[in-house]
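Presented below is the structure to which this report refers.
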Amino acid sequence: MQIPSKYDASKVESKWYDYWMNNNYFHSKPDEREPYTIVIPPPNVTGVLHMGHMLNNTIQDVLIRRARLLGKNACWVPGTDHASIATEAKVVAKLKEQGIDKNDLTRDEFLSHAWDWTHEYGGVILEQLKKLGCSCDWDRTKFTMDDDMSEAVIKVFVDLHQKGLIYRGYRMVNWDPEAQTTLSDEEVIHEERTDKLYYVKYQIEDENEYVTIATTRPETILGDTAICINPNDERFTNLKGKKVIVPLCNRTIPIIEDDYVDIEFGTGCLKVTPAHDVNDKEIGDRHNLEVIDVLNADGSMNSFGLHHEGKDRVVARKDVSKELESLGLLVKTESITHNVGTSERTKAVIEPRLSDQWFLKMEDLVKPAIEAVLGENADIKLFPKKFENTYRHWMENIRDWNISRQLLWGQQIPAYFYGDGKEDFVVAENVEKAIELAKERTGKSNLKAADLKQDTDALDTWFSSWLWPMSVFDGILNPENEEIKYYYPTNDLVTGPDILFFWVARMIIAGYEYKGEKPFKNVYLTGLVRDKQRRKMSKSLGNSPDALKLIEDYSADGVRVGLLLSSAAGNDLMFDEALCQQGKAFGNKIWNAFNLTNLWEINYNIKQPNSSKIALDWYEAKFNTTLVEIEDHFSKYRLSDALMAIYKLIYDDFCGWLLEIVKPAYQQPIDAKTYNKVMSIFEDNLKILHPFMPFLTEDIWQYIAERTPEEALIVAKWPEVKPINKVIISQFDFASEVISGIRNVRKEKNIAFKDAIGFFVINNEKSDAAFDDVISKLGNLDTIEYITEPVEGAMTFRVKSNEYFIPMEGAIDVEAEIKKLTEELNYTEGFLKSVQKKLSNERFVAGAPEQVVNSEKKKEADALAKIETLKASLASLD
RNA sequence: GGGCGCAUAGCUCAGUUGGUUCAGAGCACUUGGUUUACACCCAAGGGGUCGGGGGUUCGAAUCCCUCUGCGCCCACCA
């Protein structure tokens, strides 16, 4: 048949992707087969494909395609996440470019812009996944803000509220002044920073004495409502019960005593600002202190900032310190290294801020989730296992989850206020139900929708994505539907360890709460993709390659192989384009192997050469050995090792050895029996490689034979393991050493391969002659003759105790031969000595297992035999 | 501050219960090669006191202690 001499990946890849789509192979519906399900970690709806996604989704596709080949009902559900804070930030920025201020828009107007944006960019990343070859069931594509998905979120909120697990509280929360929203504890990243520690004097009321405090935030002095000392601090007994005057605003505040104060730190005096520090808030609560908030929502000073009003807190800090200095109240400044909370998304420094927020009580919810991963009969396995510790630590120290966000893009909190009081609200799925509830609560039967004001906050994105494995199958709204019963729990979850808490842990929590069952059986945590210098790949560094450009340059198959070649689970992946090149070269190698078989002329009348027959038997044994190895790797999620095993099988064993052995001489035909067997082996190779290189393998598969759509490789049957002939493998290994020996002699003596040579063997090992025809072919030997006496005037080499002779035309360098033999003899004698030393150690013979002792005895015997051979050779040269 | 993990060839990493295939793989490197599938190729080869030190054992890359150097997660001390 006519095939292109070069493999054109870009054409081939789109062709087969279309073919798979048109034949609906990615689509799954419940049937009698065993399901194999993966839900995609939904990428941000407005995101673009980066290397992390490439790795992640390649792994998922490998797992899905393998499951499909194993005959399971493979279902990979794709989708995107509305990513409330990230998307809202992007929309706000875009509006700003157009001169529109978010605050000038109504809620509906803003949301309409956000939806426009979503519709414009929303599908991009999913299209990119198709280029990578991902075999997702696109008919099932979900978005976390689809109507039914949102409905599920609201239903869960109402339910948790009814259970008393969701509550509203006035608490110190993490405030992002840039996004102007609260964040959960998980969204706060602690960064080490060096700042100034300011020492400031406060005058004691009615005295000309001062106390000095240390603070990193002088601008909050204006919010001070007490000075605190440790009651046991003997230095300050004179201060007890006195008052001090707050600098700048000249308010009088008390000196209080609390054990919290560390006598050793700073001056031992602490300024207490309950509005701007979690600890100060607690002290304030204990001592009934006033709370003075000096900041606006955007981090600028409010009217309590007096003449600093309107300045950003950072600017105000400097200005206040200058002012203090000019007043002679700034004693000194020091450098201090401490940790500062920053926003995961906006990088802004977090302000502790008091406000009314919604919280989810976690204490009881986490219990089944802890048991599921860490219990005695753990239902969920993490790969690699080391993350179980991290998981445990987080789960056991969990605090209530702040789920409200002061954002518009997301599910709006279904709480409806009927009055101005903090408790004057009802929680319901919709306004109609809310009115009913509000009527009951207030006794006012004339309440209308217009009388109710819905809470303006939206829910944390993760409060929707934690339902993902259930809600994509409509498992929340219709818990008894056929799909959720069939596909849930899913099998494997593949994601990065950075969202272990954000997402993975919470899905487990939600799964047990709403299905009473785990959401997935195994969690495969990939590493971060880094560049060659170990730097994290990021847009700002510009070290992240363009994913689509890579696919263009190296083919999707090549990139997939490149990514997987060095990515053990949980280890960071040092990405190097050279690996993609290796992937592409591998594809080329296989294509050329196919090209070779395609060039052969088949003859039905010639007999199968013995060398071909034995080589095919050997390959079958080798293939099955590898197959067993691959199964083991897959069971441990060692995809990199599985791929490497296949790589070596195809590259070395199939192309390097088998094809070379069965390849007919120039312009000679091949016998039909060999040809058919080679092609059937080729097909088996394609099957096991298909999950990794889906396009190339499908392409060759379809060239090998006419196939109906039902016979496509993507839905072929994974090979079954057959019994392995171990003897033939060791015979081959021996033969390959002999061939190596021949090649070495040829190289040393500069004998071209086309010149056939004579070959003689003293078979001390009594090795089987099964592979002699193979040795003869690959060594280009005239004959192999078995002899008992050394050949004179020949190059020699040894494998074990066998000696091989290749007669030379010219003179042999006897000196060099003697030297070579002597070196070999010395080495073997040294080896023998060490083995014998071990064997003469009574404690070794008594203590070691029998098979270990036997193996040492075998080594001894082999060495003795070899020494004999070497000595005989040396004697014959003298 | 608390916890977890890592250190094996130039690079990226395997090495499961201490002995059986214990010092390995891929890449890179060196040398040679226009044999009629493939130079995106073939053949051959060099290269490691298994981070340092100590211990347990007949036997340690593997178990224990210690030191050094990295990485990650968690954390409200100004």
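Just so we're on the same page: letters track the sequence lines, and every chain starts at 1. The model shown is predicted, which means the values in this text are computed figures rather than measured ones.
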> Is A:Glu842 atom CD crowded by more than 12 heavy atoms from other residues, nucleotides or ligands, each under 6.0 Å away?
Replying inline: no
>> Taking NZ in A:Lys820 as the centre, count heavy atoms belonging to other residues, nucleotides or ligands within less than 6.0 Å. Is the count above 12?
In response: yes
> Rounded to the nearest Å, what distance is computed from the CZ atom of residue A:Phe654 to the P atom of nucleotide B:C42?
Replying inline: 14 Å
> Any luck finding a side-chain donor-acceptor pair between A:Thr182 and A:Asn402 under 3.5 Å?
Replying inline: yes
> Tell me: CG of A:Asn588 to P of B:A39, nearest whole Å?
Replying inline: 8 Å
> The side chain of A:Ala593 lies closest to which of these nucleotides: B:A37, B:G5, B:C40?
Replying inline: B:A37
> Considering only the C1' atoms, how many Å lie between B:G48 and B:C40, rounded to the nearest integer?
Replying inline: 30 Å
> Now, which nucleotide makes the Watson-Crick or G-U wobble pair with B:G46, with each of the two distances under 3.5 Å?
Replying inline: none
> CG of A:Asn592 versus C1' of B:C38: gap in Å, rounded?
Replying inline: 4 Å
> Does the side chain of A:Thr626 come under 3.5 Å of the side chain of A:Lys648 through a donor N or O and an acceptor N or O?
Replying inline: no
>> Heavy atoms from C-beta onward define the side chain here; which of B:U57, B:A44, B:G5 lies closest to that of A:Asn389?
In response: B:G5
> How long is the line joining CD of A:Glu737 and C1' of B:A43, in whole Å?
Replying inline: 16 Å
> Atom OH in A:Tyr647, atom CZ in A:Phe692: separation rounded to 0.5 Å?
Replying inline: 14.0 Å
> Using atom C1' of each nucleotide, how far apart are B:G18 and B:U12 to the nearest Å?
Replying inline: 27 Å
> Under 4.0 Å between a side-chain N/O of A:Lys838 and OP1 or OP2 of B:G19, yes or no?
Replying inline: no
> Are A:Arg193 and A:Asp195 within salt-bridge range, i.e. N to O under 4.0 Å?
Replying inline: no
>> What is the separation between atom CG on A:Asn598 and atom P on B:C38, rounded to the nearest whole Å?
In response: 14 Å
> Counting only Watson-Crick or G-U wobble pairs whose two distances fall under 3.5 Å, which nucleotide matches B:A25?
Replying inline: B:U12
> Looking at B:U35, B:C58, B:A37, which one has an atom nearest to any side-chain atom of A:Phe844?
Replying inline: B:C58
> With both distances under 3.5 Å as the test, what is the Watson-Crick or G-U wobble partner of B:U20?
Replying inline: none
> Which whole number of Å gives the distance between the P atom of B:C63 and that of B:U16?
Replying inline: 9 Å
>> Taking pairing as Watson-Crick or G-U wobble with both contacts under 3.5 Å, can you name the mate of B:U68, or confirm there isn't one?
In response: B:A7
>> Taking the nucleotide of RNA chain B with the nearest heavy atom to each, does A:Trp657 or A:Lys636 sit closer to the 5' end?
In response: A:Lys636
> Who is the Watson-Crick or G-U wobble partner of B:C41, with both distances under 3.5 Å?
Replying inline: B:G33
> With both distances under 3.5 angstrom, what nucleotide forms a Watson-Crick or G-U wobble pair with B:G1?
Replying inline: B:C74
>> Just to be sure I understand the rule, does A:Lys663 reach a base, reach only the sugar-phosphate, or reach nothing, if contact means heavy atoms closer than 4.0 Å?
In response: base
>> Can you build the contact string for nucleotides 20-33 of chain B? Use B for base contact, S for sugar-phosphate-only contact, and - for no protein heavy atom under 4.0 Å.
In response: B----SSS---B--
> Of the nucleotides B:A37, B:A44, B:U35, which has the atom closest to the A:Arg743 side chain?
Replying inline: B:A44
> Can A:Tyr202 and A:Asp224 be counted as having a side-chain donor-acceptor contact under 3.5 angstrom?
Replying inline: yes
>> Protein within reach of the bases, or only the backbone? For nucleotides 70-78 of chain B, mark each nucleotide 5' to 3' as B, S or -, using heavy atoms under 4.0 Å.
In response: ---SSBBBB
> Rounding to the closest angstrom, what is the interatomic distance between B:G53 and B:U17 at atom P?
Replying inline: 26 Å
>> What's the gap between B:A28 and B:G19 when it is taken at their C1' atoms, as a whole Å value?
In response: 34 Å
>> For A:Phe734, is there any backbone N or O sitting under 3.5 Å from a side-chain donor or acceptor partner on A:Lys800?
In response: no
> So which nucleotide from B:C40, B:A37, B:A44 ends up closest to the side chain of A:Asn744?
Replying inline: B:A44
>> Looking at the base of B:C38, is there any donor atom on it, or on the side chain of A:Lys589, that sits under 3.5 Å from an acceptor on the other one?
In response: yes
> With no hydrogens and no angle check, is any side-chain donor or acceptor of A:Asp557 less than 3.5 Å from a backbone partner on A:Leu696?
Replying inline: yes
> Do A:Glu660 side-chain and B:A37 base share a donor-acceptor contact under 3.5 Å?
Replying inline: yes
> Does A:Arg746 reach the main-chain N or O of A:Gly779 with its side chain, forming a donor-acceptor pair under 3.5 Å?
Replying inline: yes
> In Watson-Crick or G-U wobble terms, both distances under 3.5 Å, what is the partner of B:G59?
Replying inline: none
>> Using the C1' atom as the point on both nucleotides, what is the distance between B:U34 and B:A39, in whole Å?
In response: 10 Å
>> Between B:C65 and B:G71, how far apart are the two C1' atoms, rounded to whole Å?
In response: 23 Å
>> Nearest whole Å is fine: how far is B:C58 P from A:Glu842 CD?
In response: 13 Å
> According to a strict under-4.0 Å criterion, is A:Ser740 in side-chain N/O contact with OP1 or OP2 of B:A43?
Replying inline: no
> Taking atom types as modelled, is there a side-chain donor on A:Glu187 or A:Ser184 under 3.5 Å from an acceptor on the other?
Replying inline: yes
> Quantified in whole Å, what is the P atom distance between nucleotide B:G51 and nucleotide B:A14?
Replying inline: 14 Å
>> Can you measure A:Arg638 atom CZ to B:C13 atom P for me and round it to whole angstrom units?
In response: 15 Å
> In whole angstroms, how far is the P atom of B:A14 from the CE atom of A:Met574?
Replying inline: 10 Å
>> Salt bridge or not between A:Lys857 and A:Glu860? Use side-chain N to carboxylate O under 4.0 Å.
In response: no
